[in-house]
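Reading through the structure tokens given below for one structure.
To find a chain, count down the sequence lines: A is the first, B the second, and so on, and within it residues start at 1.
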Protein chains: 2
Amino acid sequence: MSKNIPTQEQCEVVSGLLKNLAHPQRLMILCQLTAGPKTVSELEELSGASQSAVSQFLGRMKAEGLVDATRETQYVYYEIKDPRVKKLIQSLDRIFCANP
Amino acid sequence: MSKNIPTQEQCEVVSGLLKNLAHPQRLMILCQLTAGPKTVSELEELSGASQSAVSQFLGRMKAEGLVDATRETQYVYYEIKDPRVKKLIQSLDRIFCANP
DNA sequence: TCAGTATATTATAATTTTATAATATATCAA
DNA sequence: TTGATATATTATAAAATTATAATATACTGA
């Protein structure tokens, strides 16, 4: 139960990562990805965001090391790479979406 | 270990809340508040943000029901009201700042 | 009352994000 | 090869956020 105050640098890193989740469709994309790999067009469908927006978002997340992409025939499958992202989404689910 | 996919509405609510944490100084303010109530000027000092910025941020968070304010003599003490915010900050600490 | 400190509000310029359109590339199937 | 589908890139307009300055309000103590 210690009150752990983060450093300024930690706040910068974590808040930078949180920006990716602070948008309804992008959060949905990440939640969908915690259930397993998905193609760009599947994520487009599941999130309601445009092709371009989804592709741009995934590209950015890949550059940040949060997701991985693998081409398989004509599809590109994305999946979560950084385990902290998965943990974070799970925490969000527990805190905000739990059915008590 | 169920893969709980949120609704679009849940994503809107949660991502809206996450916007408050997706900024280094605002995240710092919320982390400081998890350790107990603080005045505006204390938070100004602790976060490095300007008086106006801190006040605006706290006002917005209060309007959203995330924090509470109580005036005590000439100072206004802010504290976290929504227990989910506290839980979220604790999760962030565990996931991103844990010393293993 | 007045001066000083704490906080809030308002306005606005500067910056960043977001959405969108257009186009490019890659792969497949015929 | 050609046409169709999947994904990526680029450019840019629109919208939202952020930082800042200026000012206002609230309280205190002398």
Q | d(CZ, B/Arg60; P, C/dT9) in whole Å | A | 14 Å
Q. Starting at CG of B/Leu58 and ending at P of C/dA6, how long is that distance when rounded to a whole Å?
A. 16 Å
Q. Going by number, which of residues 6-29 of chain B have a non-hydrogen atom under 4.0 Å from DNA chain C?
A. none
Q: Return yes if a side-chain donor-acceptor contact under 3.5 Å exists between B/Asn4 and A/Gln90, otherwise no.
A: no
(Q) Tell me the closest heavy-atom pair linking B/Lys62 and B/Val67, and the distance in Å. (A) N-CG2, 3.6 Å
Q. So, for B/Leu27 and A/Cys11, which heavy atoms are closest and what is the spacing to 0.1 Å?
A. CD2-O, 3.7 Å
Using a cut-off of under 3.5 Å, enumerate the N/O to N/O pairs linking the protein to nucleotides 21-29 of chain D.
{"unit_1": "D/dA21", "atom_1": "N6", "unit_2": "B/Ser52", "atom_2": "OG", "d": "2.9"}

Q: Check whether any side-chain N or O of A/Tyr78 sits under 4.0 Å from OP1 or OP2 of D/dA6, and answer yes or no.
A: no
Q. Can you find a pair of side-chain heavy atoms, one from B/Phe57 and one from B/Asn20, that are under 4.5 Å apart?
A. yes
(Q) Tell me the closest heavy-atom pair linking A/Lys38 and A/Gln32, and the distance in Å. (A) NZ-O, 3.8 Å
Q) Whole Å only: how far is the CZ atom of B/Phe57 from the P atom of C/dT7? A) 16 Å
Q.
Are A/Phe96 and A/Val85 linked, directly or through intermediate hydrophobic residues, by side-chain heavy-atom contacts shorter than 4.5 Å (ILVMFWY only)?
A. yes
Q: Within residues 35-47 of chain A, find the residues that approach DNA chain D with a heavy atom at under 4.0 Å, and present them sorted by residue number.
A: A/Thr39, A/Val40, A/Ser41
Q. Between the side chain of B/Ser15 and the main-chain N/O of B/Glu12, is any donor-acceptor distance below 3.5 Å?
A. yes
Q) Taking OH from A/Tyr75 and C1' from D/dT5, how many angstroms apart are they, rounded to a whole number? A) 8 Å
Q. A/Glu45 and A/Ser41: side-chain donor and acceptor closer than 3.5 Å?
A. no
**Q.** side-chain contact (heavy atoms from CB on, under 4.5 Å) assessment of B/Ile29 paired with B/Leu58
**A.** CA-CA 9 Å; B/Ile29 287 176; B/Leu58 291 170; 4.2 Å; yes
Q: Mark yes when over 12 heavy atoms from residues, nucleotides or ligands other than A/Gln8 sit less than 6.0 Å from its CD; otherwise mark no.
A: no
**Q.** Donor-acceptor under 3.5 Å (A/Ser55 side chain, A/Gln51 main chain)
**A.** no
